[in-house]
Amino acid sequence: MAREFTSVGVVGLGTMGAGIVEVFARNGIDVVAVEISAAAVERGRATLTGSTDRAVAKGKLAEADRDALLARVDWQVGLDALHSVDLVIEAVPEHLDLKQRIFAELDRVCKPEAILATNTSSLSVTEISVATTRPNQVIGIHFFNPAPVMKLVEVVRTVVTSADVVADVEALCERLGKVDVTISDRAGFIANALLFGYLNHAVSMFESRYATREDIDAAMKLGCGLPMGPLALMDLIGLDTAYEILDTMYRRGGRDRRHAPVPLIKQMVTAGLLGRKSGRGFYTYERPGSPVVVPDEHTPVTTGGALADGARAIAKVGIVGSGTMATGIIEVFAKAGYEVISVTRGAEKSAKVCEAVKTSLNKGVVRGKLSEEDRDAALGRVTWSATLDHLADVDLVVEAVVEELSVKKALFASLDEICKPGVVLATTTSSLPVIDVAMATQRPADVIGLHFFNPAPIMPLVEIVQTIRTSAETGATARAVCAALGKTGVVCGDRSGFIVNALLFPYLNDAVKMLEASYSTADDIDYAMKLGCGYPMGPFELLDVVGLDVSLAIQRELYLELREPGFAPAPLLEHLVTAGYLGRKSGRGFRDHTKR
Ligand SMILES: NC(=O)c1ccc[n+]([C@@H]2O[C@H](COP(=O)([O-])OP(=O)(O)OC[C@H]3O[C@@H](n4cnc5c(N)ncnc54)[C@H](O)[C@@H]3O)[C@@H](O)[C@H]2O)c1
């Protein structure tokens, strides 16, 4: 019969501990909440009351239930108070020696049958367990931040954790309304092993001024649908905790350079910029512990008028291409009131593109998002052509032809001859160096990347890629155009993958490597990222949607440009592509889509 947990102890009431107390107390379990000092206890208590008061204010918790919840918590200084609990969860800072000391003490204080659990994110549960005389009753229970919200719990069993302890803890997670994945003791478990390389990479982009903090975060939120950007997430996790996790993962996880903490993180920790908990990290917060970001000296100043910072006036836009992206981009510009000239390679292609734009606009009308007059006006703004010469007097050209450098270079050389001076020439390439395309013209200062996302009418993000030759006016014009289209334009340098793909694909590739190493299943890895990190899709779901061949090509480009050994494509990904398992489009990828 499963063990009854009537009372549990939580040690350390910081970012995670206070949330874990709430999880138990909400589910009718008595909690002994322990800290090192009375002041720290007060901080933990304030976090809990703050959180439950917010829940009451939002109508998610009745006042009487809040009072009952708070009455279940017994606040104490020192571990001695834990003598009669059935389970202890430790959530003190991520240092092995500290955790080992605490476990040795817990072993002495707690009753013999009590289970001792750690919330460590990256340390070895096995090494922590050997500090006790009961390693078979030691287990990892890894909650996600914020603990009351995130559904996932990673249950970490060591080689000596007894099977009934694992089963009892799994049953407890279910009682708490959590979804658990049970795994073995490896640095970073599932979610952090996939998350922290990405977070560290995002910090290095910020540190090298590749893009601003706002643009990096907006790119990942709007380009991938993540609940928050990587730098805002670092602030939520706490930079001191993130540093320790990266450092441990680097040492335990095969010295992958991608886990070597970016120097800026250590500097910020030393300077006391720990993130939300200290009121300042990558962003500045209203006060310590507050989630509300306030402007600081790095907050971009909005110029007000779109032309204020040297942007050129754009009225007439040429769009070259006849594929999915060109079709979507024509619609975006026409709806925003620009005069559009669509150029394809023949009347037949133009007719097809015109039909596709009409169909998409009609869908907008059916869904009530667009009036019939606006649809007709948008269509009326588009001229259909099969001759580049018609682009002689446009103000902006957006190229969206096939992703082949030779084709794009030839097109830009032609545009250079045809277009009037001062025109902004933009490429939508997602993987080629924009500078190569720019140098095919005599006017590289006017060339820029405008990387739209698919489907262009829906996705709110555009990456604005500036080469080392792009002029300030061209950049300002691109930003003004994105704003006029109602898109969020994020500015970045001309490096493989820009922001989104450079941060997204190595993570997907790492998930494939994790599956290949048989650490976990595709289902559990997908669960971990969705329920632990709030991602809209798990990595294998997303790979099957994007296409394994496309993902492999992007990953190869990243690897070739950056020569980062950790970016080498996962052999399993290569084999699946060779076998023709390309994802949804071929009926089979990581999953079989023919049966669903
Ligand atoms: N921050 C996250 O997003 C996150 C997510 C999951 C797991 N974790 C893990 O949870 C653990 C705690 O991390 P955190 O971010 O909550 O840290 P934190 O710094 O916010 O809180 C740690 C708390 O432990 C207290 N403490 C220190 N020594 C103590 C002792 N001897 N006895 C009792 N209390 C003591 C501190 O006073 C502090 O309040 C770490 O192992 C971390 O890796 C963190």
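This one's a predicted model, so the numbers in the text were calculated from it and none came from an experiment. Counting from 1, the numbers follow the sequence of the chain as shown.
- Across all non-hydrogen atoms, the minimal contact from L236 to R276 is CD1-NH1, 3.4 Å.
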Practice task
Go through S551 and D549 one step at a time and tell me if the side chain to side chain donor-acceptor pair (under 3.5 Å) criterion holds.
Solution key: CA-CA 5 Å; S551 305; D549 49 345; over 6 Å; no
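- Rounding to the nearest 0.5 Å gives a distance of 8.5 Å between CD1 of I36 and CD1 of I102.
- Checking side-chain atoms of T248 against main-chain N and O of L123 turns up no donor-acceptor pair under 3.5 Å.
- A522 and L515 get closest at one heavy-atom pair: N-CD1, 3.5 Å.
- Across all non-hydrogen atoms, the minimal contact from G566 to K513 is O-NZ, 3.1 Å.
- Of all the heavy atoms in F498 and G493, the pair that sits closest is CD2-O, 4.1 Å.
- When the shell of 6.0 Å around CD of E286 is examined, it contains more than 12 heavy atoms from other residues, nucleotides or ligands.
- D215 places no side-chain N or O within donor-acceptor distance of the main-chain N or O of C492, the cut-off being under 3.5 Å.
- Residues K530 and D526 are not paired through a salt bridge, judged by the lack of any N-O separation under 4.0 Å between the basic side chain and the carboxylate.
- Annotation: the span from E561 atom CD to F567 atom CZ amounts to 10.5 Å, rounded to 0.5 Å.
- R251 and D256 are not joined by a salt bridge, as no carboxylate oxygen comes within less than 4.0 angstrom of a charged side-chain nitrogen.
- Salt-bridge annotation for E127 and K99: absent, with no side-chain N of the basic residue lying under 4.0 Å from a carboxylate O of the acidic one.
- In this structure, D86 contributes its side chain and S7 its backbone to a donor-acceptor pair below 3.5 Å.
- Checking side-chain atoms of T49 against main-chain N and O of R45 turns up a donor-acceptor pair under 3.5 Å.
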Handout entry: Verdict with supporting geometry, L504 and L542, side-chain contact (heavy atoms from CB on, under 4.5 Å)
Key = CA-CA 10 Å; L504 178 67; L542 186 57; 4.1 Å; yes
Exercise for the section: Would you sort out whether R252 and D185 count as a salt bridge (charged side-chain N to carboxylate O under 4.0 Å, His left out), showing the intermediate values? Expected result: CA-CA 11 Å; R252 282 186 72 206; D185 188 13; 3.7 Å; yes
Exercise for the section: Let me see the working for V156 and I139 under side-chain contact (heavy atoms from CB on, under 4.5 Å), right down to the final yes or no. Expected result: CA-CA 6 Å; V156 186; I139 194 164; 5.7 Å; no
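- Under the ring-ring contact (aromatic ring centres under 6.0 Å, His included) criterion, F282 pairs with F206, not counting sequence neighbours.
- Exactly one residue among V88, V8, L87 makes a side-chain contact (heavy atoms from CB on, under 4.5 Å) with L82. That residue is V88.
- Checked for salt-bridge contact, R258 and D510 meet the test: a charged N lies under 4.0 Å from a carboxylate O.
- With hydrogens and angles left out, the side-chain atoms of S129 and T126 include no donor and acceptor closer than 3.5 Å.
- Considering CG of L274 and CG of D240, their distance stands at 4.5 Å, rounded to 0.5 Å.
- To the nearest 0.5 Å, atom CD of residue E207 and atom CE of residue M268 are 10.5 Å apart.
- Ionic pairing of R213 and D296 is present here: one or more N-O contacts between side-chain nitrogen and carboxylate oxygen are shorter than 4.0 angstrom.
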Handout entry: CA sep, side-chain torsions, deciding dist, call: T52, E22, side chain to side chain donor-acceptor pair (under 3.5 Å)
Key = CA-CA 8 Å; T52 48; E22 183 175 337; over 6 Å; no
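- Aromatic pair Y559/F505: centroids not less than 6.0 angstrom apart.
- Nearest heavy atoms, R108 versus D80: NH2-OD1, 3.9 Å.
- N145 approaches M150 most closely through the heavy-atom pair O-CG, 3.5 Å.
- Within a 6.0 Å radius of NZ in K60, other residues, nucleotides and ligands contribute 12 heavy atoms or fewer.
- Just one of V462, L461, L222 meets the side-chain contact (heavy atoms from CB on, under 4.5 Å) condition when paired with F453; it is L461.
- E35 places no side-chain N or O within donor-acceptor distance of the main-chain N or O of Q76, the cut-off being under 3.5 Å.
- Within a 6.0 Å radius of OH in Y581, no more than 12 heavy atoms belonging to other residues, nucleotides or ligands are found.
- Between D523 and R591, at least one side-chain nitrogen of the basic residue sits less than 4.0 Å from a carboxylate oxygen of the acidic one, meeting the salt-bridge criterion.
- Ion pairing between a basic and an acidic side chain is recognised when a charged N comes within 4.0 Å of a carboxylate O; K585 and D544 show no such pairing.
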Practice task
Begin with the C-alpha distance, continue with both residues' side-chain angles, and end with the deciding distance and a verdict on salt bridge (charged side-chain N to carboxylate O under 4.0 Å, His left out) for E564 and R257.
Solution key: CA-CA 8 Å; E564 168 56 61; R257 283 201 314 221; 3.1 Å; yes
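- Annotation: Y527, atom OH; neighbour count of heavy atoms from other residues, nucleotides and ligands within 6.0 Å does not exceed 12.
- Side chain of E154 to backbone of I141: no donor-acceptor contact under 3.5 angstrom is found.
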Handout entry: T118/E90 under side chain to side chain donor-acceptor pair (under 3.5 Å): CA gap, chis, key distance, verdict
Key = CA-CA 5 Å; T118 173; E90 161 280 310; 2.5 Å; yes
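- Rounding to the nearest 0.5 angstrom, the gap separating the CZ atom in R588 from the CG atom in L548 is 11.5 Å.
- Annotation: ring pair (Phe, Tyr, Trp, His ring centres under 6.0 Å) contacts involving residues 144-170, sequence neighbours excluded, comprise H142-F144.
- Cation-pi contact between R186 and Y519: present, with separation from the ring centre below 6.0 Å and deviation from the ring axis of at most 45°.
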